Amino acid sequence: MSETWHIGVIGGSGLAAGIGIDNAQEIEVSSPFGAPSGAVTTGTVEGVRFTFLPRHGPGHAIPPAMVNYRANIDVLKRCGVTDVVAVSAIGSLNAAMAPGHFVAVDQFIDRTTSRANSFFGPGLVAHVSLADPVCPRLSAALVAAARSEQAQVHDRGCYVAIEGPQFSTRAESRLYQSWGADVIGMTAMPEARLAREAELPYGLLAMVTDYDSWREAEQGVDAADVMRVMAENVRLARQVLRRFARQLPSKREASPIDRALDNAIMTAPAQRDRALMAKLHAVAGRVLG
């Protein structure tokens with residue numbers, strides 16, 4: 001495994017633009033899983049290799065359920081990324097997590113229903129562990145960077161992923177609270193699942209834009225309010241990512257997630273689908289030969 005960091009960042013289309021990437025190049029990378037959300041922008045930040053991918057495409061044209069999550073993760077793997085940092089907007093189900101705060105999410109409840117959530121399938125069955133879906137090393141580094149930039153950040157939180165594109169009803173919002181969810185969003189699943197299958201440590205630094213719909217005395221979520229808070233937070237998110245790059249150890253020590261597929265493949269070699277194996281060359285070539 002590489003001892004050099006190469007951070008893949010999945011976020012809004014404007015995140016890379018203002019961060020100050022040295023030797024930036026925009027590259028179209030193809031995937032056997034279809035078209036990714038857009039071209040990647042690769043270069044260095046504080047001397048660390050970074051590759052940015054806009055989750056919703058240029059200008060935020062792709063709705064959450066239509067994002068090609070498999071292609072996005074596959075493309076980052078093909079670029080040589082070692083770790084993935086996701087940045088996204090969330091609603092809060094927890095009074096302590098106020099608009100403007102950041103949350104380093106550590107757990108998920110997946111309520112999405114229409115999205116391809118695995119690289120594997122008939123002819124090549126695999127089961128990865130997802131008990132701890134987020135890389136603790138990345139999360140700790142993101143929290144430290146956020147605190148260094150004077151951001152209000154919570155070092156853990158449970159994220160419920162919904163299909164969207166509509167925001168929740170009040171009944172749904174209260175239900176998710178009763179399950180122990182702290183925040184709510186539409187994009188972290190199956191993104192985190194697929195990163196694990198691709199043996200990429202994944203960290204999520206989420207930005208609270210609103211209280212969801214559980215506060216009876218207030219109006220429900222309004223997209224205009226979400227965009228206003230998001231715009232205010234993007235500048236700080238860029239600063240946090242630069243600080244994160246600056247504070248990374250010079251040497252990348254191996255992570256257990258680098259070998260998440262070691263015992264995951266169930267299908268006997270003679271029964272494996274050769275076409276699917278070829279598609280999985282970047283994601284799982286290490287264990288498929």
Side-chain angles (χ1 to χ4, degrees), residues 6-17 25-42 50-90 105 108 110-126 128 130 133-134 159-166 184-206 260-261 273 275-285 288:
H6 183 169
I7 306 298
V9 178
I10 306 174
S13 56
L15 188 63
Q25 291 181 293
E26 186 174 275
I27 303 170
E28 298 278 354
V29 184
S30 61
S31 167
F33 293 94
S37 293
V40 302
T41 301
T42 190
F50 270 67
T51 295
F52 291 80
L53 178 64
R55 184 186 286 111
H56 296 282
H60 202 114
I62 307 171
M66 302 300 291
V67 171
N68 190 339
Y69 295 95
R70 291 194 300 181
N72 286 353
I73 295 295
D74 178 70
V75 158
L76 290 178
K77 186 77 173 183
R78 289 174 186 276
C79 288
V81 161
T82 59
D83 302 78
V84 173
V85 171
V87 180
S88 65
I90 51 171
V105 171
F108 297 98
D110 191 356
R111 295 285 292 167
T112 63
T113 57
S114 68
R115 311 173 188 191
N117 65 3
S118 178
F119 287 110
F120 299 92
L124 192 57
V125 177
V128 297
L130 211 65
V134 168
Y159 176 124
V160 59
I162 64 170
E163 191 70 12
Q166 303 85 2
I184 185 167
M186 302 177 189
T187 58
M189 284 292 179
E191 195 172 83
R193 294 184 184 279
L194 296 165
R196 181 58 54 87
E197 287 189 341
E199 299 186 318
L200 291 173
Y202 179 91
L204 173 57
L205 186 66
L261 292 174
D273 183 295
L276 183 52
M277 287 178 64
K279 289 177 70 173
L280 285 164
H281 174 73
V283 168
L288 294 175

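Quick caveat, the model's predicted, so the values are computed rather than measured.
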Taking atom [atom1] of [X] and atom [atom2] of [Y], what is their separation to the nearest 0.5 Å?
{"X": "I184", "Y": "I162", "atom1": "CD1", "atom2": "CD1", "answer": "4.0 Å"}
{"X": "R115", "Y": "M66", "atom1": "CZ", "atom2": "CE", "answer": "10.5 Å"}
{"X": "D110", "Y": "E163", "atom1": "CG", "atom2": "CD", "answer": "9.0 Å"}
{"X": "M189", "Y": "Y69", "atom1": "CE", "atom2": "OH", "answer": "11.0 Å"}
{"X": "F120", "Y": "K279", "atom1": "CZ", "atom2": "NZ", "answer": "12.0 Å"}
{"X": "N72", "Y": "S31", "atom1": "CG", "atom2": "OG", "answer": "8.5 Å"}

Flag for H56-S37: side-chain donor and acceptor within less than 3.5 Å: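 Result is no, nothing qualifies.
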Any chance the side chains of Q25 and T41 put a donor and an acceptor closer than 3.5 Å?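 No, no side-chain donor-acceptor contact under 3.5 Å.
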Over all heavy atoms of both residues, which pair between [X] and [Y] is shortest? Give the atoms and the distance, please.
{"X": "S118", "Y": "E197", "value": "OG-OE2, 2.7 Å"}
{"X": "P122", "Y": "D273", "value": "O-CB, 4.3 Å"}
{"X": "R78", "Y": "P32", "value": "NH2-CD, 3.2 Å"}
{"X": "G38", "Y": "L53", "value": "O-CD1, 3.3 Å"}
{"X": "K77", "Y": "V283", "value": "CE-O, 4.1 Å"}
{"X": "A86", "Y": "Y202", "value": "CB-OH, 3.3 Å"}

Taking side chain as C-beta onward, heavy atoms only, is [X] less than 4.5 Å from [Y]?
{"X": "S88", "Y": "L204", "result": "yes"}
{"X": "V9", "Y": "T51", "result": "no"}
{"X": "F108", "Y": "V160", "result": "no"}
{"X": "L124", "Y": "L280", "result": "yes"}
{"X": "V84", "Y": "I10", "result": "yes"}
{"X": "L194", "Y": "F119", "result": "yes"}
{"X": "V128", "Y": "L261", "result": "yes"}
{"X": "H6", "Y": "D83", "result": "no"}

When you look at T42 and F50, which way does the side-chain contact (heavy atoms from CB on, under 4.5 Å) test go after all the steps? CA-CA 6 Å; T42 190; F50 270 67; over 6 Å; no
Evaluate the side-chain contact (heavy atoms from CB on, under 4.5 Å) criterion for residues E26 and V40: first the C-alpha distance (whole Å), next the side-chain angles of each, then the deciding distance (0.1 Å), finally the verdict. CA-CA 6 Å; E26 186 174 275; V40 302; over 6 Å; no
For the CZ atom on R111, are there more than 12 heavy atoms of other groups (residues, nucleotides or ligands in this structure) within a distance under 6.0 Å? no
I'd like to know if the side chain of D74 and the backbone of A282 have a donor-acceptor N/O pair within less than 3.5 Å.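 Not confirmed, D74 side chain does not pair with A282 backbone.
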